[in-house]
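Scroll down for the structure; my scribbles are underneath it.
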Amino acid sequence: MGSFAVIIKGMFWQEQRSGRVIMGYLLGYAIMGYWMSGFLRYAADTGEPINILETFCVVEQHYVNMLFLVLGWLLVVADAPFMKGNIYLLLYRCGRKRWNMGMLFYILMQAFLYTAAMAVFTIIISSFFGFAGNMWSSPLYSLALDATNSIGVRYNITFPWLAMMKTMSVPQAFAVTFLFLYLYLAFMGALLYAAALLFSGIVGMAVVMGGHLAGYLRMMDGYTETSLLARAVPGNFIDGTLSYWQSAVLFLGLIAVLMVLSSVLVKKMEFQPGKEIDG
């Protein structure tokens, strides 16, 4: 167990100093900021405050934002399966099984940090425009009732999830939105890792990007049931029942399958280390 923790700690120490990871986070902030600016301009023009947790719910569930937000995350984990110059030493000290689980848990923890960073970013910026509490704001109600999309066209933002507002408090909606984004990012990271083990990093990235784009296209065509990206937007499945939890179970099941698959693949993989790790 000690070596397992050392692997994860070493991965964070190694990766968090990487320019690629920093750029991935900055790209995520830029994408979130772009769509957030439209909602905050709308709120400012109404002259009424918003709940500081609402912004994350609005921006994360905006389809086009979700299409591009994942790009920042994929940049963070683009180096999967993270084989560096000391790979043989790590395998000798901890074995392939623990090394593999260390890589997977690093991805799961990094996905949580990425999701949290995006959420905290929206909360900090929104704190200049609103209040904290359980109540939904009047501007968001008006946006949800914007059947003609006149507000959406003017400010380039939408929130058609009136059922979510009726059945959940703002903190509940925030928590569910956070969870579904995390699960989707964790799934995409695990898929990239498993595909990179099976093929190569480039092919793995192509598989993940292709699946992500296919999910977006199916979502835009209205096939939300068969689009994993659509399932990462909880508003699609909140209808007064608890059916949206089926999406969470689906993501957890897929992640578990990928973890089992990777444990099989890593036993047969021929490791080809890259550059040495500094420090």
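Just so it is clear, the values below take in all heavy atoms, side chains as well, and ignore hydrogens, waters and symmetry mates. Model, not experiment: these values are computed from the prediction.
- For the 3.5 Å distance criterion, the side chains of S142 and D146 fail to qualify, holding no donor opposite an acceptor.
- Centroid-to-centroid, the aromatic rings of Y42 and Y155 come within less than 6.0 Å.
- Looking only at distances, a side-chain donor or acceptor of S243 sits under 3.5 Å from a matching main-chain atom of F237.
- Between S126 and T55, the side chains place a donor N or O and an acceptor N or O closer than 3.5 Å (distance only, hydrogens not considered).
- Under the side chain to side chain donor-acceptor pair (under 3.5 Å) criterion, E225 pairs with R231, not counting sequence neighbours.
- Between F56 and F39, the ring centre distance reaches or exceeds 6.0 Å.
- Aromatic ring orientation, Y184 versus F251: perpendicular (interplanar angle above 60°, classes split at 30° and 60°).
- When hydrophobic side chains of Ile, Leu, Val, Met, Phe, Trp and Tyr are connected at separations under 4.5 Å, V260 ends up as a singleton with no cluster partners.
- Using cut-offs of 30° and 60° on the angle between ring planes, the pair F178 and F112 is perpendicular.
- Panel note: side chain R20, backbone L75; a donor-acceptor pair is recorded below 3.5 Å.
- Applying the salt bridge (Lys or Arg N to Asp or Glu O under 4.0 Å) test to E48 and every residue at least two apart in sequence or in another chain returns nothing.
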Run Y216 and Y63 through ring pair (Phe, Tyr, Trp, His ring centres under 6.0 Å) and show every step you take. CA-CA 8 Å; Y216 174 77; Y63 287 169; 7.4 Å; no
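- With Y182 contributing its side chain and L108 its backbone, the two residues share a donor-acceptor pair below 3.5 Å.
- For OH of Y29, the number of neighbouring non-hydrogen atoms (other residues, nucleotides, ligands) closer than 6.0 Å is greater than 12.
- A donor-acceptor distance shorter than 3.5 angstrom exists from the side chain of S227 to the backbone of G215, with no hydrogens or angles considered.
- Within the 3.5 Å criterion, the main-chain N or O of C57 finds no donor-acceptor partner in the side chain of E60.
- For OH of Y223, the number of neighbouring non-hydrogen atoms (other residues, nucleotides, ligands) closer than 6.0 Å is 12 at most.
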